[in-house]
Amino acid sequence: MHDLRMVREHIDALRAGMRRRGALDALSPTIDRAALLDKTRRDTIQAVEERKAARNGVTQQVGQRKRAGESAEDLQQRSRELGDEIARLDRELAQTESELGAILLELPNVTLDQVPVGGEESNAVVRTWGTPREGARAQPHWEIGTRLGLIDFERGAKISGSGFIVFRREGARLVRSLMNLMLDVHARDHGYEEIWVPVVVNRASMIGTGQLPKFEEDMYALKDEDAFLIPTAEVPLTNLYRDEILPESELPKALTAYSPCFRREAGAAGKDTRGLLRVHEFDKVELVRYVTPDTSGEQLELLTAHAERILQLLELPYRVVRLAAGDTGFASAHTYDLEVYAPGVGKWLEVSSCSNFTDFQARRANIRYKPADGGKPRFVHTLNGSGLAFPRIIASILEHHQQEDGSVRVPAALSTYLGAERLS
RNA sequence: GGACAGGUGGCCGAGUGGUUGAAGGCACCGGUCUCGAAAACCGGCAUACCGGUGAACCCGGUAUCGAGAGUUCGAAUCUCUCCCUGUCCGCCA
């Protein structure tokens, strides 16, 4: 969410930000509307507060007269009149603020300077690690997984629906091993506090991180409660300190959690749906950092490096892509995607998205810190990244580490958890 | 799920319709005292928004006693709804 001052004082910067996302044409009328509503709001506040001050004065005189045993009917009448005007103006104000608030919640974040202008085609590979193997004879993961009895797609579809996966035997154990490996590395080596979170959250949390109100149709909602299944542990982790003020000494604060993630993927039907590429429920270890505003740029580099470390341990070739403004998520100001190569499907798969949200989420969720020098509380900057999402990692492991004999080599970092060096 | 009891400033805790933004205490900050510290004493100490020149400081105003709605000239105080917490009972992994 943007500061109202952005609309009032830096509307050109706001427009420029929307233009870099390629969204100015669509949002320009909305921004104009916001500017108008801001003016209306301030005028109405002045009008209503003037009357409230008058009523407070009148009301006090009523009290004095009553104590003196005098009648105050004329003043009471005056106060009633003011009360009626106040009620009317308050209604207008509430309407204005409601519309203005809704607009502010639906405007995406402004991207940082180093983010390329344009859409997906302007995404830029900033570095690569490892060497993709030739895919000529590589089997796709759904064939390997089924052949080795690690994944049961049919029964997943039967008990839950398409896009729900059943892992079996060493496949199930692989999922558990990935969770342990990732949590151990982040908690032990990278200094994150390990958290275990609820996967059901309330509406306020979903608004805080930016999933709502704009993307409600992508979320699984509970039937009898105003609550949702989380699409990522980012939601509970970032909302952990909603409406709180942290001492600066606790920053940067780094949290990691495993969670299942639930996504309806409305409108994504038929796109990358084969095998494990796009599913409705998947597992992920998430990284979240709360930092001071002046450090969020370098903190994004650090967080991204933490996520990359897992790919290196899994010995999977990957590339780091800086997303262009038009491809950057709604709440993010700067995002790196980590893409791992899967020779079986012949594609780079997004397995992590590491973002700097600047103060966008902190404003929505009202997360502040008390500066060490004793100044007023300021909004923190929040960052998060997958570290990592399991299904495409599993796909890549199966495809990249498959052997001539049809088995799959297990990278050393993982085999200690899995208790096997080979899947066959 | 049922029955009670509660939700007041960073914390504790007064306050049941009229200078109560809110007594008192603790914590914190500044000062006096001291060689220094402690104690004692004095003073300060919420947030947001609107306006006064779009800075800082300052000044004026409004709002905020879990949230929302209502009664009233006037609500922390009365009424209703909701949320949360505690205790007991029931149920249950």
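Chain letters run A, B, ... following the sequence lines, proteins first and then strands; every chain starts at 1. Quantities reported herein were computed from a predicted structural model and do not represent experimental measurements. Heavy-atom basis, side chains included; hydrogens, waters and symmetry copies ignored.
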message: Counting Watson-Crick and G-U wobble pairs with both distances under 3.5 Å, what is the dot-bracket string for RNA chain B, 5' to 3', using [ ] for crossing pairs and | for pairs to another strand?
response: ((((((((.[[[..)..(.....]]].(((((.......))))).(((((((.....))))))).[[[[[..)....]]]]])))))))....
Distances under 3.5 Å between protein N/O atoms and the N/O atoms of nucleotides 59-65 of chain B, please, pair by pair.
unit_1 : atom_1 : unit_2   : atom_2 : d
G61(B) : N2     : Glu49(A) : OE1    : 3.0
G61(B) : N2     : Glu49(A) : OE2    : 3.4
U62(B) : OP1    : Asn56(A) : ND2    : 3.2

Provide the distance between the two [atom1] atoms, one in [N] and one in [M], to the nearest whole Å.
| N | M | atom1 | result |
| --- | --- | --- | --- |
| U79(B) | A27(B) | C1' | 38 Å |
| U77(B) | G17(B) | P | 12 Å |
| G25(B) | G13(B) | P | 16 Å |
| C26(B) | C45(B) | C1' | 13 Å |
| U85(B) | A67(B) | C1' | 15 Å |
| U53(B) | C59(B) | P | 16 Å |
| A69(B) | G31(B) | C1' | 49 Å |
| C83(B) | A40(B) | C1' | 47 Å |

task: Sort out for me which residue in Asp226(A), Val235(A), Asn239(A), Ile230(A) forms a side chain to side chain contact (heavy atoms under 4.5 Å, CB included) with Met206(A).
output: Val235(A)
task: State which residue, out of Asp337(A), Val340(A), Ile310(A), fulfils the side chain to side chain contact (heavy atoms under 4.5 Å, CB included) condition with Val351(A).
output: Val340(A)
- request: Could you tell me how the ring of Tyr336(A) sits relative to the ring of His334(A): parallel (under 30°), tilted (30 to 60°) or perpendicular (over 60°)?
  value: tilted
- request: Mark yes or no for whether Arg15(A), through its side chain, and Leu24(A), through its backbone, hold a donor-acceptor pair below 3.5 Å.
  value: no
Report the distance from atom [atom1] of [X] to atom [atom2] of [N], rounded to the nearest whole Å.
| X | N | atom1 | atom2 | answer |
| --- | --- | --- | --- | --- |
| Lys370(A) | C45(B) | NZ | C1' | 10 Å |
| Glu73(A) | C73(B) | CD | P | 8 Å |
| Gln64(A) | C73(B) | CD | P | 18 Å |
| Glu97(A) | A48(B) | CD | P | 16 Å |
| Leu89(A) | C50(B) | CG | C1' | 14 Å |
| Glu81(A) | U72(B) | CD | P | 16 Å |
| Asn202(A) | A67(B) | CG | P | 17 Å |
| Glu70(A) | G18(B) | CD | P | 19 Å |

Check nucleotides 69-71 of chain B against the protein and report each pair of N or O atoms closer than 3.5 Å, with its distance, or say if there are none.
none

Residues which pass ring pair (Phe, Tyr, Trp, His ring centres under 6.0 Å) with [X], listed by chain and number, not counting sequence neighbours:
| X | result |
| --- | --- |
| Phe390(A) | none |
| Phe215(A) | Phe330(A) |
| Phe357(A) | none |

message: For a side chain to side chain contact (heavy atoms under 4.5 Å, CB included) check, start with the C-alpha distance between Tyr369(A) and Glu250(A), then their side-chain angles and the critical distance, and finish with the verdict.
response: CA-CA 9 Å; Tyr369(A) 74 98; Glu250(A) 288 188 26; over 6 Å; no
Protein N or O to nucleotides 52-57 of chain B N or O, pairs below 3.5 Å:
none

Between [X] and [Y], a side-chain donor and acceptor under 3.5 Å:
| X | Y | value |
| --- | --- | --- |
| Gln402(A) | Glu143(A) | no |
| Thr40(A) | Asp43(A) | no |
| Ser296(A) | His381(A) | yes |
| Asn384(A) | Thr238(A) | no |
| Gln211(A) | Thr209(A) | yes |

- request: Check every atom of U47(B), G74(B), G51(B) against the side chain of Gln46(A) and return the nucleotide holding the closest atom.
  value: G51(B)
- prompt: Which nucleotide in the set A48(B), C50(B), G18(B) lies at the smallest distance from any side-chain heavy atom of Lys66(A)?
  reply: G18(B)
message: For RNA chain B, which residues of residues 32-42 of chain A approach it to below 4.0 angstrom with any heavy atom?
response: Arg41(A), Arg42(A)
- prompt: Does Val285(A) reach the side chain of Leu181(A), with side-chain heavy atoms less than 4.5 Å apart?
  reply: no
- prompt: Counting any heavy atom closer than 4.0 Å, what does Val58(A) reach on the DNA or RNA strands: base, sugar-phosphate only, or nothing?
  reply: nothing
- request: Name the nucleic acid region contacted by Arg8(A), choosing base, sugar-phosphate or nothing; use a 4.0 angstrom heavy-atom cut-off, strictly under.
  value: sugar-phosphate
query: Going through the distances and angles, do Val345(A) and Arg274(A) end up as a side chain to side chain contact (heavy atoms under 4.5 Å, CB included)?
result: CA-CA 9 Å; Val345(A) 295; Arg274(A) 198 77 200 272; over 6 Å; no
- prompt: For Arg368(A), which residues count as a side chain to side chain donor-acceptor pair (under 3.5 Å) partner, sequence neighbours excluded?
  reply: Asn366(A)
field: Residue pairs, two or more places apart or on separate chains, that pass ring pair (Phe, Tyr, Trp, His ring centres under 6.0 Å) and touch residues 144-164 of chain A
entry: Phe164(A)-His280(A)
task: Would you kindly check if the NZ (Lys) or CZ (Arg) of Arg289(A) is within the cone defined by 45 degrees around the ring axis of Tyr192(A) and under 6.0 Å from the six-membered ring centre?
output: yes
- prompt: With sequence neighbours left out, what residues match Ala23(A) under side-chain contact (heavy atoms from CB on, under 4.5 Å)?
  reply: Arg21(A), Leu27(A)
query: What do you reckon, is CZ of Arg155(A) surrounded by more than 12 foreign heavy atoms closer than 6.0 Å?
result: no
message: Closest-nucleotide mapping onto RNA chain B: is Leu75(A) or Leu4(A) further toward the 5' terminus? I mean the 5' end.
response: Leu4(A)
Sort me out a list of protein N/O and nucleotides 19-23 of chain B N/O pairs below 3.5 Å, or just none if empty.
none

